[in-house]
Undergrad: 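Structure below; questions to follow.
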Amino acid sequence: MTFEVEPTVGNSEWFTEDRFGLFIHWGLYTLGARHEWLQSRERSTPEQYSKYFKRFDPDLYDPELWAQLAADAGMKYFVVTTKHHEGFCLWDSKLTDYKATNTPAGRDVLRPMVDAFRNRNMRVGLYHSLIDWHHPHYTVDTKHPLRMDPQFIEASAKRDFSIYRDYLFGQTKELLTEFGDIDLLFYDFSFPSENGLPGKGKEDWHSEELIRLIRSLQPGILLNDRLQIGGDITTPEQYMPTRWVQVNGKRVVWETCHTFSGSWGYHREEESWKSVDLLIKMLIDVVSNGGNLLLNVGPTGRGEFDERAIDRLKGIGEWMKRHSRSIYGCTQAPEAFSCPQDCRLTYNPQTNRMYVHVYSWPFKNIHLHGFAGKVEYAQLLNDASEIRFKQGFVASGIDNGAFKEGRDEDTLVLSIPVKKPNVTVPVIELFLK
Ligand code: GLC
């Protein structure tokens, strides 16, 4: 009863089971608190940007607490920026001085994070930027902070990109050999030329060779699709697909990543924070289309998740506590079952249970077309209270002058309470025959 999906090279079994992860963007841009691209957007010189390196001091950083907040929200894996486009490294890389150990933080901040999440049985994912605005041999391109600086462009011509590439390979090797089993690798990103300036892609990264290196070091790792040649997981960003994501006409393993507000890095002033209600619906929507949701937190410069993030995580956790059964191990419902109005379906092929997520609570009945004869038992998921149902043909006849409930042979009608259960999105669990 499940769909055919393009096989992955890495191990995607845990991934499609877990469905929900935490993205973490943390770096020097965190201190600017106005978007992780500020160096490029404001076309900062290295001197200007260096003020953040001198002040990176997350004295309240508690990775145990981060991992606990994620676990309580129902997240099963995490992906953290080991290095973002700015080039700053969270771990103690032997290949650069531009790392957390040399800031006032004075320590590797990646390792304790990996340990804390792993100790809670969460899978470990590493984000790594292909782009690097700090490395002395990273050449100018359309995204570079100094792209408008004629002197830099001239000097850039003398840079030797192969030295940067070696650095990229070397750091990949460090990340994949010094932190134990890594479950997922999220490279970011390839881009076309623009406005007379070059882009960068697979020829620049030597993507094929890089992938060979990755697979030789960690054969089971799941690799994303931003090296410009395939990969295990397709990663639409800040976008909600309305059906199962396809590549070359085939269903693929996919994950969409989203922010709480707009910026990935901590942003003090953004007011566009999504509500708990919307975030839960995004998670359900994604699973109902066979995908994963990776939800991002940008911790502060002091090293905390700020109160808005905690509020959202707690709200999601409150719902997940009683409804995660409709998320974990679930996927798109088989096509024979049609989704009722204002609802979303998810389906667990192992337990053969169907979940009806009711986005807008209707009066007394939900009509399920294609379900007659297929349901053994139904209950509300939040409190395991029975939902009774009727099924099979009833004429809509008007023998006493009033319209009778009309039903075709295919339809099953759930008799739901008039009052919406007091949960963000009520879910009805159907035990299929
Ligand atoms: C984009 C942005 C970046 C962010 C990433 C997350 O590629 O450049 O800032 O880290 O999306 O997917």
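Whatever order the structure lists ligands and atoms in, that order sets their numbers, starting from 1.
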Undergrad: In terms of heavy-atom contacts, does CD of Q341 have more than 12 from other residues, nucleotides or ligands at under 6.0 Å?
TA: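 12 or below, so no.
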
Undergrad: How far is atom 2 (C) of ligand 1 from its nearest protein heavy atom, and which residue and atom is that?
TA: W37 NE1, 3.5 Å

Undergrad: With a cut-off of 4.0 Å, which atoms of ligand 1 are near a heavy atom of C257?
TA: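 Under 4.0 Å from C257, ligand 1 has these atoms: 12 (O).
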
Undergrad: Apply salt bridge (charged side-chain N to carboxylate O under 4.0 Å, His left out) to E178 and list each qualifying residue two or more places apart in sequence or on a separate chain.
TA: K94

Undergrad: Would you mind checking if D232 and R215 are paired as a salt bridge, meaning a charged N to carboxylate O distance below 4.0 Å?
TA: yes

Undergrad: Between E64 and R120, does any side-chain N to carboxylate O distance fall below 4.0 Å?
TA: yes

Undergrad: Please work out which of E86, H35, E237 has its closest non-hydrogen atom nearest to atom 1 (C) of ligand 1.
TA: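 Heavy atom nearest to atom 1 (C) of ligand 1 belongs to E237.
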
Undergrad: If you count the atoms of ligand 1 from 1 in the order shown, which ones are under 4.0 Å from a heavy atom of E36?
TA: 3 (C), 9 (O)

Undergrad: Consider ligand 1: state whether an atom of it lies below 4.0 angstrom from any non-hydrogen atom of H84.
TA: yes

Undergrad: In terms of atom number and element, which parts of ligand 1 are under 4.0 angstrom from non-hydrogen atoms of H25?
TA: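 Those qualifying, in numeric order: 4 (C), 10 (O).
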
Undergrad: Please could you name the atoms of ligand 1 that Y127 approaches to less than 4.0 Å, counting only its heavy atoms?
TA: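 Those qualifying, in numeric order: 10 (O).
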
Undergrad: Could you tabulate the donor-acceptor pairs under 3.5 Å formed by side-chain atoms of residues 290-297, not counting sequence neighbours?
TA:
residue	atom	partner	partner atom	Å
N292	OD1	R19	NH1	2.9
N292	ND2	F15	O	2.9
N292	ND2	Y77	OH	3.2
N296	OD1	H25	ND1	2.8
N296	ND2	W264	O	2.8

Undergrad: One thing to verify: whether R344 and D285 come together as a salt bridge, which I'm taking to mean a side-chain N less than 4.0 angstrom from a carboxylate O.
TA: yes

Undergrad: Would you mind telling me if ligand 1 is within reach of the side chain of R226, the backbone, both or neither, using heavy atoms under 4.0 Å?
TA: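 Side chain only; the backbone of R226 stays clear of ligand 1.
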
